[in-house]
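In what follows, a single structure is set out as structure tokens and then discussed.
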Amino acid sequence: MSATHPKKRAADIGGDNAGAVDTADHGMKFWERQANALRTALRRNGLMSVDELRRAAEDLGDRYAKLEYFERTTFALRTVLLEKGYFTEESLTAKMAEVRKRFDVPRKKELPVKKKVKR
């Protein structure tokens, strides 16, 4: 939501100046393919809907514009699955710690944010 349009959500960008659009196909990173497959499987099996995912993504507020597409949808997917009780925050935190240890991933990492392109 914005001060000038109190009911405007993060994805409501119609008419806003967005600048140039990068139309190059950059492919998908491994984790993006995995997240996309998980989201597709959950949707096809009726465990969540596109509408729930969009609502959760829009609830990211100001973070919405700072994240790339798969980052937004993955955060939204996490939110929907937590809300539906498929797992708890505690069990997710424990599993993430287990995976980080297994693959030697650093404990703390800044949230991924879009890099501004210099023109």
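Being a predicted model, the structure only gives us computed values, none of them experimental.
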Spacing of [X] atom [atom1] and [Y] atom [atom2] [to the nearest 0.5 Å]:
{"X": "E32", "Y": "E71", "atom1": "CD", "atom2": "CD", "answer": "7.5 Å"}
{"X": "L81", "Y": "L38", "atom1": "CG", "atom2": "CG", "answer": "7.0 Å"}
{"X": "R72", "Y": "K66", "atom1": "CZ", "atom2": "NZ", "answer": "13.0 Å"}
{"X": "T74", "Y": "E68", "atom1": "OG1", "atom2": "CD", "answer": "11.0 Å"}

Evaluation steps, side chain to side chain contact (heavy atoms under 4.5 Å, CB included), between R102 and V99: CA-CA 5 Å; R102 190 178 335 142; V99 170; 3.9 Å; yes

Closest non-hydrogen atom pair, [X] against [Y]:
{"X": "M28", "Y": "F70", "result": "CE-CZ, 3.5 Å"}
{"X": "A57", "Y": "A76", "result": "N-CB, 3.5 Å"}
{"X": "L77", "Y": "M48", "result": "CD1-SD, 3.3 Å"}
{"X": "F87", "Y": "L82", "result": "O-CD2, 3.5 Å"}
{"X": "L47", "Y": "Y86", "result": "CD2-OH, 3.3 Å"}

E58/R55 salt bridge by N-O under 4.0 Å criterion: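 Here R55 does not pair with E58 in a salt bridge, since their nearest N and O are not under 4.0 Å apart.
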
Ionic contact status for R43 with E52, cut-off 4.0 Å: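 No salt bridge links E52 with R43.
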
Salt bridge (charged side-chain N to carboxylate O under 4.0 Å, His left out) evaluation trace for E98 with K101: CA-CA 5 Å; E98 176 189 321; K101 185 176 180 182; over 6 Å; no

Donor + acceptor pair across side chains of N36, R39 (<3.5 Å):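 Yes, side-chain donor-acceptor contact under 3.5 Å.
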
Residues forming a side chain to side chain contact (heavy atoms under 4.5 Å, CB included) with M96, sequence neighbours excluded: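 If we apply the side chain to side chain contact (heavy atoms under 4.5 Å, CB included) test to M96, skipping adjacent residues, the hits are L92, R100.
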
Partners meeting side chain to side chain contact (heavy atoms under 4.5 Å, CB included) with T23 (sequence neighbours left out):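 Per chain and number, T23 pairs via side chain to side chain contact (heavy atoms under 4.5 Å, CB included) with V21.
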
Sub-4.5 Å side-chain heavy-atom contact between T79 and D59: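 No. Closest side-chain heavy atoms not under 4.5 Å.
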
Over 12 foreign heavy atoms within 6.0 Å of NZ, K84: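 Enclosed.
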
